[in-house]
Amino acid sequence: MSLDQRVEPVDPAVRVRIAPSPTGPLHIGTARTALFNYLFARRTGGTFVLRLEDTDVERSTPEFEQDILDGLHWLGLDWDEGPGRGAEPDHGPFGPYRQMQRLARYRAISDRLLAEDLAYYCYCTAAELDAERKRLEAAHLPPRYSGRCAHLTAAERAAFEAEGRRPAIRFRIEPGIVAFDDLVRGHVEIDASALGGDLVIVRAEGTPLYHFCVVVDDAAMKISHVIRGEDHLSNTPKHILLFRALGEAEPLFAHLPLILNPDRTKMSKRKSQTALDDYINEGFIREGLLNYLALLGWSTGSEEEILGLDEIAARFSLEHVQKAGAVFDRERLEWLNGQWIRRLPPAELVDRLRPFVQREADAGRIDGLPADSELQALVPLVQERLPVLGAIGDLVDFLFTDRLVLDPAILVPKRWDGPTTLDGLGAAREALFAIDPAGFQPDRLEEALRALAEARGWKAGDLFMAIRVAVTGRTATPPLFETLAALGQERTIERLDAAIAVLGGPSQERGGS
RNA sequence: GCCGCAUUCGUCUAGAGGCCCAGGACACCGCCCUCUCAAGGCGGAGAUCACCGGUUCGAAUCCGGUAUGCGGUACCA
């Protein structure tokens with residue numbers, strides 16, 4: 001088996017990172033970017049770093065941070081270096097891994113840029129900048145900072161200070177073409193004059209900004225490959241200019257295609273379900289999610305598609321990353337998720353189903369919690385019927401409730417009428433009642449009911465459907481005889497009696513005639 | 001507006017000049033299996049490879065232009 005000649009060779013010097021912002025719950029797009037970084041690290045024998053970009057103090061919260069860390073861990077995308085989860089300490093030689101804990105470093109570097117005149121203090125207020133931008137837009141010119149503060153004298157600065165103005169720090173964007181070779185998109189050139197003028201790297205209030213921190217940290221953490229979403233492609237020249245100003249080697253860049261809403265715009269909370277938690281709560285499992293996400297914007301280059309994390313890592317290559325955005329297709333996710341649920345060992349499936357069964361109980365949809373052994377016994381009946389774990393309720397709730405609600409409208413099979421149904425259920429009741437309790441097993445039940453249908457000239461399917469609805473309240477259920485056996489003889493008889501009553505039939509004494 | 005990137009079935013994709021009047025998967029339709037629902041099997045429909053030119057004996061694949069879409073353009077990340 002010859003490996004693709006173009007895959008990246010094993011290179012322990014590879015260092016990649018995922019750098020989420022704790023301003024919201026873990027986003028499916030962040031999860032995918034994390035996955036691709038993780039895969040690249042695994043494939044090359046490199047290091048996967050996690051860094052929290054929490055400089056947007058207004059919107060960042062410890063809860064979101066926790067959610068992101070937990071989500072990545074849940075997916076199995078554990079990081080070699082980065083913050084610890086919960087009480088765990090940070091690990092790795094390049095910490096701290098939260099940007100708000102790295103302020104001293106940003107401060108030192110912005111001071112240096114200031115001293116080298118690669119950056120300068122800007123006293124413009126938000127209102128002034130806004131007015132300037134509006135004027136340019138009105139004149140159909142691209143918004144760009146005028147450079148008003150680019151060459152202030154000491155006296156001018158003192159005057160602004162005297163007014164009580166606090167300065168932001170701007171990085172000088174020098175004219176010229178910035179070019180780089182993106183590992184996914186090839187050669188890219190952007191004219192620095194299109195970058196909007198000198199870039200604010202530190203707020204007036206003193207905290208550093210994203211474009212600055214990302215470069216300082218990627219340099220400090222020796223990141224070799226920046227693998228991120230395409231939405232950062234246009235920002236890359238700013239980063240490259242910053243790397244150069246810092247005297248640091250630029251990393252290699254790889255911009256991944258965006259995950260899209262159905263209308264082909266960038267996937268957003270407004271138009272799609274973006275929080276990983278929401279998928280977890282529906283009962284998507286990590287294997288399915290990982291497999292699906294890996295195939296969104298990447299392929300093996302062959303027709304293989306159902307692959308586990310290790311198999312994906314063994315095949316991963318940036319060469320096969322797609323250039324165009326990919327619409328998030330929930331149907332395909334569900335299919336893949338079902339594939340992986342079917343592959344789970346029974347005991348494992350029971351473990352994963354537990355929280356979802358618990359939820360049915362919490363919601364009052366079932367009256368008691370089935371034991372593991374009971375759940376395990378149901379696995380053969382439900383395993384291939386679960387696109388998501390959350391579907392377990394609809395499949396088995398009727399087994400664990402004492403208050404079955406019967407809809408008379410579906411109690412009568414399509415080809416039958418009321419009297420026939422009544423007749424059928426009554427006859428079935430007698431036949432099932434006659435079975436020895438010890439023999440209340442699928443094979444025996446099927447035998448008895450088929451014999452009954454034959455004797456009465458009914459189509460077996462019609463009889464079975466009448467019993468199914470009477471006993472489960474549903475028209476779609478796991479196989480009937482296994483279901484009746486799981487329910488037990490006594491409850492089966494009770495439910496048949498209840499259905500007969502609903503249809504207006506004679507109420508029968510317990511024990512029957 | 002300006003800058004950048006992209007464009008193969010509805011969707012995810014294979015495809016690196018002849019193997020392609022384009023293959024697989026999801027979804028859809030039909031048949032089989034079948035006690036329902038699933039799962040599974042088999043089959044079908046579905047893409048003039050965005051468009052126009054060029055290079056070439058030959059182009060989905062190379063080149064140029066056009067169109068459309070998306071992304072970026074913050075003292076957000």
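Letters go in sequence order (proteins before strands), and every chain restarts at 1.
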Atom-pair distance ([atom1] on [X]; [atom2] on [N]), nearest Å:
X: A/Lys323; N: B/G69; atom1: NZ; atom2: C1'; value: 17 Å
X: A/Arg474; N: B/U36; atom1: CZ; atom2: C1'; value: 13 Å
X: A/Ile306; N: B/A39; atom1: CD1; atom2: P; value: 13 Å
X: A/Glu482; N: B/C37; atom1: CD; atom2: P; value: 16 Å
X: A/Asn337; N: B/A38; atom1: CG; atom2: P; value: 17 Å
X: A/Leu256; N: B/U13; atom1: CG; atom2: P; value: 12 Å
X: A/Glu304; N: B/C12; atom1: CD; atom2: C1'; value: 16 Å
X: A/Glu384; N: B/U34; atom1: CD; atom2: C1'; value: 12 Å

In whole angstrom, give me the gap between the [atom1] atoms of [N] and [M].
N: B/C28; M: B/G69; atom1: P; value: 30 Å
N: B/G41; M: B/A27; atom1: P; value: 12 Å
N: B/G24; M: B/G44; atom1: C1'; value: 16 Å
N: B/U56; M: B/A50; atom1: C1'; value: 23 Å
N: B/A59; M: B/C19; atom1: C1'; value: 15 Å
N: B/C33; M: B/C70; atom1: C1'; value: 46 Å
N: B/C20; M: B/G54; atom1: C1'; value: 23 Å
N: B/C21; M: B/C9; atom1: C1'; value: 15 Å

Mark yes when over 12 heavy atoms from residues, nucleotides or ligands other than [X] sit less than 6.0 Å from its [atom1]; otherwise mark no.
X: A/Arg107; atom1: CZ; value: no
X: A/His187; atom1: NE2; value: yes
X: A/Tyr121; atom1: OH; value: no

Under 4.0 Å between any heavy atoms, over every strand shown, what does [X] touch: base, sugar-phosphate, or nothing? Just pick one.
X: A/Arg185; answer: sugar-phosphate
X: A/Pro479; answer: base
X: A/Pro387; answer: nothing
X: A/Glu189; answer: sugar-phosphate
X: A/Gly338; answer: nothing
X: A/Phe481; answer: base

Is it the case that the ring center of [Y] lies less than 6.0 angstrom away from the ring center of [X]?
X: A/Phe481; Y: A/Phe464; value: yes
X: A/Phe328; Y: A/Tyr279; value: yes
X: A/His232; Y: A/His255; value: no
X: A/Phe316; Y: A/Phe36; value: yes

Item to check | Residues forming a salt bridge (Lys or Arg N to Asp or Glu O under 4.0 Å) with A/Glu482, sequence neighbours excluded | outcome: none
Checklist entry - Looking at residues at least two apart in the chain, or sitting in another chain, which of them share a salt bridge (Lys or Arg N to Asp or Glu O under 4.0 Å) with A/Asp394? => result A/Arg474
Which nucleotide, in any strand shown, forms a Watson-Crick or G-U wobble pair with [N], with both distances under 3.5 Å?
N: B/A45; result: none
N: B/G17; result: none
N: B/A67; result: B/U7
N: B/C2; result: B/G72
N: B/U55; result: none
N: B/A39; result: none
N: B/U61; result: none

Looking only at side-chain atoms of [X], point me to the closest of [options].
X: A/Arg468; options: B/C37, B/C35, B/C12; result: B/C35
X: A/Leu480; options: B/C35, B/C12, B/U36; result: B/C35
X: A/Val188; options: B/C2, B/C5, B/C12; result: B/C5

Next on the checklist: Restricting to side-chain contact (heavy atoms from CB on, under 4.5 Å), what partner residues turn up for A/Glu348, sequence neighbours left out?
Outcome noted: A/Leu344, A/Pro345, A/Arg352
Next on the checklist: Taking A/Leu26's backbone N and O only, do any of them form a donor-acceptor pair with A/Thr30's side chain (distance below 3.5 Å, no angle check)?
Outcome noted: no
Checklist outcome for this item: The contact string for nucleotides 70-77 of chain B, one letter per nucleotide 5' to 3', using protein heavy atoms under 4.0 Å with B, S and - for base, sugar-phosphate only and none, comes out as SBSS-BBB
Checklist entry - How does protein contact run along nucleotides 19-32 of chain B, one letter per nucleotide 5' to 3', with B for base contact, S for sugar-phosphate only, - for none, heavy atoms under 4.0 Å? => result ----BSBSS-----
Checklist entry - Closest nucleotide of RNA chain B for A/Gly301 versus for A/Ala460: which of these residues is on the 5' side? => result A/Gly301
Checklist outcome for this item: Contacts of A/Leu295 and A/Arg450 projected onto RNA chain B by closest heavy atom; the upstream (5') one is A/Leu295
Checklist entry - Partners of A/Asp111 by side chain to side chain donor-acceptor pair (under 3.5 Å), sequence neighbours excluded? => result none
